[in-house]
Enquirer: 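I'd like to ask some things about the structure below.
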Protein chains: 2
Amino acid sequence: VKRFRFGEDAAFAPREDLLDGVTIAPLTRSLSDDAPVQAAVFRIAAGGGIKRHEASVPQVLAVLEGSGLASGSDGIGEPIATGDAVYWAAGEEHETTTATGLTALVLEGLGLQPFG
Amino acid sequence: VKRFRFGEDAAFAPREDLLDGVTIAPLTRSLSDDAPVQAAVFRIAAGGGIKRHEASVPQVLAVLEGSGLASGSDGIGEPIATGDAVYWAAGEEHETTTATGLTALVLEGLGLQPFG
């Protein structure tokens, strides 16, 4: 057994144009390290977001805490809150924003399929 | 974009000998459906647990809420709480228990590697 942290103390703030007020705490190695799937907790500060971009691989975003708006290719922001998950297919344009802050698990990987 | 729920309202209680007071809300399809990885939120009631068994594939358990004890092959229960994650290798005997209740994300899949 190996232990590690994914709390706020273990999060880093990537400097990336797509990320606005976002810290990331990884649970797994990244796809760029040849991992079959990458999982991380994204914490988005109030007023921040993950700007519109194309999903490189299938992705599930599961809201652990807080609330916000998520949109797919149609650009219509749908309210999401704790217990809601959204799935985007590879190549789908999408965006996530929050007025009050949001913590989400983000899973990404080839062949990832949402439940149901 | 596709939406679904993984809150308590979407959880089911599998009848399985290894699970004691556990409900599961899947985020992805299961390995038995040929998914490359399966992710689900496990909610363990106070006094419950996931009994000692061998991990069939590499596994990460990330505590989202609550606290408990996790052990690996040596059987020594180490305290885990919100923000702590543990990784078990394929074939490793392990167990998770909680006196007061615990909610965790469980990720399982061939080739899954923990961060760090």
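Bear in mind that the values here come from a model prediction, so they are computed numbers and not experimental data. So that the names make sense, note that chain A is the first sequence line, chain B the second, and so on, each numbered from 1.
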Enquirer: With a 4.5 angstrom heavy-atom cut-off, which part of A:Glu92 approaches chain B: side chain, backbone, both or neither?
Expert: side chain
Enquirer: With respect to chain A, which residue among B:Ser71, B:Ala89, B:Pro79, B:Gly109 yields the maximal number of heavy-atom pairs within a distance under 4.5 Å?
Expert: B:Pro79
Enquirer: Between A:Val37, A:Asp9, A:Asp34, which has the largest tally of heavy atom pairs under 4.5 Å with chain B?
Expert: A:Val37
Enquirer: From B:Leu105 CG over to B:Phe42 CZ, what is the distance, rounded to the nearest 0.5 angstrom?
Expert: 9.5 Å
Enquirer: Among the options A:Ala55, A:Pro114, A:Ser73, pick out the one with the most heavy-atom pairs lying under 4.5 Å from chain B.
Expert: A:Pro114
Enquirer: So for A:Leu107, is it side chain, backbone, both, or neither that comes closer than 4.5 Å to the heavy atoms of chain B?
Expert: side chain
Enquirer: For A:Gln59, is it the side chain, the backbone, both, or neither that has a heavy atom closer than 4.5 Å to a heavy atom of chain B?
Expert: neither
Enquirer: For A:Val86, which atoms come within 4.5 Å of any heavy atom of chain B: side chain, backbone, both, or neither?
Expert: both
Enquirer: Determine the option with the most heavy-atom pairs under 4.5 angstrom with chain A, choosing from B:Ala85, B:Gly7, B:Gly72.
Expert: B:Ala85
Enquirer: Between B:Thr103 and chain A, with a heavy-atom cut-off of 4.5 Å, which part of the residue counts as in contact: side chain, backbone, both or neither?
Expert: neither
Enquirer: Quick check for you: to the nearest 0.5 Å, what is the distance between B:Leu18 atom CG and B:Thr96 atom OG1?
Expert: 11.0 Å
Enquirer: Can B:Ile44 be reached from B:Val41 by stepping across I, L, V, M, F, W or Y side chains whose heavy atoms are under 4.5 Å apart?
Expert: no
Enquirer: So, for A:Glu54 and A:Gly91, which heavy atoms are closest and what is the spacing to 0.1 Å?
Expert: CG-O, 3.0 Å
Enquirer: With salt bridge (charged side-chain N to carboxylate O under 4.0 Å, His left out) as the criterion, how do A:Asp17 and A:Lys51 come out once you've worked through the C-alpha distance, each side chain's angles and the decisive distance to 0.1 Å?
Expert: CA-CA 8 Å; A:Asp17 286 347; A:Lys51 297 180 192 171; over 6 Å; no
Enquirer: Find the distance between CZ (A:Phe115) and CZ (B:Arg5) and round it off to the nearest 0.5 Å.
Expert: 14.0 Å
Enquirer: Given a strict heavy-atom distance threshold of 4.5 Å, which part of A:Leu61 is in contact with chain B: side chain, backbone, both, or neither?
Expert: neither
Enquirer: Linking I/L/V/M/F/W/Y whenever any side-chain heavy atoms sit under 4.5 Å apart, do A:Val63 and A:Trp88 land together?
Expert: yes
Enquirer: About how many Å separate CG of B:Leu64 and CZ of A:Phe6, when rounded to the nearest 0.5 Å?
Expert: 5.0 Å
Enquirer: Among A:Ala10, A:Ala39, A:Gly116, A:Ala62, who wins on heavy-atom pairs under 4.5 Å with chain B?
Expert: A:Ala62
Enquirer: Below 4.5 Å, heavy-atom pairs only: which of A:Gly111, A:Pro26, A:Ala70 has the largest tally toward chain B?
Expert: A:Pro26
Enquirer: For the candidates B:Glu65, B:Glu78, B:His94, B:Glu8, which exhibits the highest count of non-hydrogen atom pairs separated by less than 4.5 Å from chain A?
Expert: B:Glu78
Enquirer: List the atom of A:Tyr87, the atom of A:Pro58, and the distance in Å for their closest heavy-atom pair.
Expert: OH-CB, 3.7 Å
Enquirer: Let me know if A:Ser30 has heavy atoms under 4.5 Å from chain B in its side chain, its backbone, both or neither.
Expert: neither
